Protein chains: 2
Amino acid sequence: MASWSEHSVVRLSVYRRILSRLHEQSIKQVYSHDLARECRVSAAMVRRDLMGVDYSGSAVRGYDVSSLLKTLNHLLDGPRTQHVALVGVGNLGSAVLNYFGGRRPKLDIVAAFDRDPAKVGRMAYGVMVHPITDLKQVLHDKQISLGIVTVNGTEAQGVVDQLVASGVKGILSFAGMPLRVPPAVFIEDFDLVTALEKVAFFARTHGQTPGSQEQ
Amino acid sequence: MASWSEHSVVRLSVYRRILSRLHEQSIKQVYSHDLARECRVSAAMVRRDLMGVDYSGSAVRGYDVSSLLKTLNHLLDGPRTQHVALVGVGNLGSAVLNYFGGRRPKLDIVAAFDRDPAKVGRMAYGVMVHPITDLKQVLHDKQISLGIVTVNGTEAQGVVDQLVASGVKGILSFAGMPLRVPPAVFIEDFDLVTALEKVAFFARTHGQTPGSQEQ
DNA sequence: TCTTGTGAACAAATTCACAGCG
DNA sequence: CGCTGTGAATTTGTTCACAAGA
């Protein structure tokens with residue numbers, strides 16, 4: 001119930017991954033502090049996150065792995081598979097296609113795009129590469145609602161504009177710069193350079209993170 | 001002064017990138033709301049972030065691009081180049097090497113590691129690939145203080161343990177799971193699957209982010 | 001009339017601490 | 001006991017709103 005914060009959704013995704021592993025190991029139940037230990041958050045945080053989910057643990061046995069997993073699957077996956085397009089089949093784009101393939105059944109990368117004629121018309125890691133000029137058509141045909149942008153800087157804004165114009169509702173961008181989208185579209189930026197700069201900064205100045213110690 | 005939050009350091013890194021671009025375009029000064037517009041943050045946030053930096057703008061001309069840039073460079077880069085090792089020269093590792101090369105002069109990826117004998121002994125995007133058994137030696141010889149982990153799940157914890165044992169102070173991890181490090185080591189996790197799940201979730205449930213509208 | 005810089009207000013995220021329960 | 005669930009307190013992060021300057 002209520003409304004989810006970005007942070008809590010990310011953590012729920014992490015809990016789910018851990019629960020999957022426990023499930024594979026035939027572990028039947030888990031305490032909040034077990035989950036906490038696995039993912040560098042506090043036990044209270046875990047319980048708080050799970051509060052909002054339509055699920056209750058037992059004070060004596062903790063949380064039941066398989067039913068909690070089912071609840072999180074329901075929440076995070078939503079009712080039906082969401083189709084994803086990836087734009088920019090360069091080095092990074094290929095890595096994403098390869099890495100992602102089949103990892104989440106309800107998130108399916110169903111088309112890739114590139115402007116390099118040498119790349120279009122082939123399959124890349126199981127996904128057809130289309131010319132970027134077909135973007136709108138293919139997105140419509142395949143009912144794609146999410147985009148991954150792995151083109152560089154200057155081209156990225158144009159790509160995002162096209163994605164938005166084609167009805168995409170969420171974008172994961174690896175362009176090294178913030179991109180402009182209308183407020184109804186969710187965008188998440190990840191930039192390698194910024195991420196490494198952050199690590200470098202805190203490695204240098206602390207050796208003790210602002211927020212990195214738990215138990 | 002004071003102590004920096006992770007969020008503010010990330011934003012400062014973004015400001016720096018924007019300032020670099022402005023500098024290249026020979027734009028001499030910039031107002032807080034200009035920076036804000038470029039990166040989906042409020043103008044007050046920009047001013048607040050810059051408050052803590054040893055720099056003052058002018059109420060009439062705003063911020064001087066080149067001197068602010070210099071200040072941010074000083075803060076974010078630190079006194080000397082930090083050396084980085086990358087572990088896992090697979091698809092994603094290669095993409096990182098290729099993408100990163102030379103982008104930040106003060107952050108230098110000086111060695112790569114892989115356990116596949118077919119990969120070691122070659123250069124990958126300008127970086128020598130060493131056998132993972134040489135990790136400790138090479139890290140010591142090259143005075144490496146940062147690590148990027150691009151190996152998968154199960155191997156990742158072992159790699160991180162070795163990095164930590166070899167004196168690394170900061171890690172950027174792409175392993176799909178949280179990893180255990182001592183509190184003196186800063187670790188940043190990025191997981192593609194979680195990132196896309198987050199985008200998918202908010203694309204589905206809102207169309208309006210919890211915290212995505214500014215001006 | 002524009003800014004910047006900033007105290008004060010506010011909001012969000014996290015932890016504390018404990019009731020309640022088997 | 002040791003656990004969950006949760007109000008209350010706290011800490012962290014962001015915006016408001018305005019004084020002061022040119």
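Keep in mind that this is a model prediction, so the values were computed, not measured. So you know, we letter chains A, B, ... as the sequences are listed, proteins then strands, and number each from 1. Computed over heavy atoms, backbone and side chain alike; hydrogens, waters and symmetry mates excluded.
Rounded to an integer number of Å, the gap from A:Asp49 CG to C:dT15 C1' is 13 Å. Between B:Trp4 atom CH2 and D:dG13 atom C1' the separation is 14 Å, expressed in whole Å. Between the CE atom of B:Met45 and the P atom of C:dT4 there is a distance of 15 Å, rounded to whole Å. Summarising the geometry, the separation between OH on B:Tyr31 and C1' on C:dC2 is reported as 7 Å, rounded to the nearest angstrom. Spacing between atom CG of A:Leu50 and atom C1' of D:dG5 amounts to 11 Å, rounded to whole angstrom units. The interatomic distance linking A:Leu68 (CG) with D:dC3 (P) rounds to 17 Å, in whole Å. Atoms CZ (A:Arg47) and C1' (C:dA19) sit 13 Å apart, rounded to a whole Å. Counting to the nearest Å, the P atom of D:dG13 and the CD atom of B:Glu6 are 9 Å from each other.
Between A:Tyr63 and D:dG5 there is a side-chain N or O to OP1 or OP2 distance below 4.0 Å. For A:His33, a side-chain nitrogen or oxygen approaches OP1 or OP2 of D:dC3 to under 4.0 Å. OP1 or OP2 of C:dC16 has not a single side-chain nitrogen or oxygen of A:Arg48 nearer than 4.0 Å. Distances shorter than 4.0 Å separate some side-chain N or O of A:Ser42 from OP1 or OP2 on C:dT15. The side chain of A:Ser58 contributes no N or O atom lying less than 4.0 Å from OP1 or OP2 of D:dC3.
A cation-pi contact links A:Arg103 to A:Tyr99, judged by a cut-off of 6.0 Å to the six-membered ring centre and 45° from its axis.
Few gaps surround CZ on A:Arg21; more than 12 heavy atoms of other groups in view lie less than 6.0 Å from it. Atom NE2 of A:His23 is surrounded by 12 or fewer heavy atoms from other residues, nucleotides or ligands within 6.0 Å. At most 12 non-hydrogen atoms from other residues, nucleotides or ligands lie less than 6.0 angstrom from NZ of B:Lys70.
Between the side chains of A:Thr194 and B:Arg17, at least one donor N or O sits under 3.5 Å from an acceptor N or O.
When heavy atoms are screened at a 4.0 angstrom cut-off, A:Ser32 is found touching the sugar-phosphate backbone but no base atom.
Remark on DNA chain C: of its neighbouring residues A:Arg11 and A:Ala59, the 5'-side contact belongs to A:Arg11, judged by nearest-heavy-atom nucleotide.
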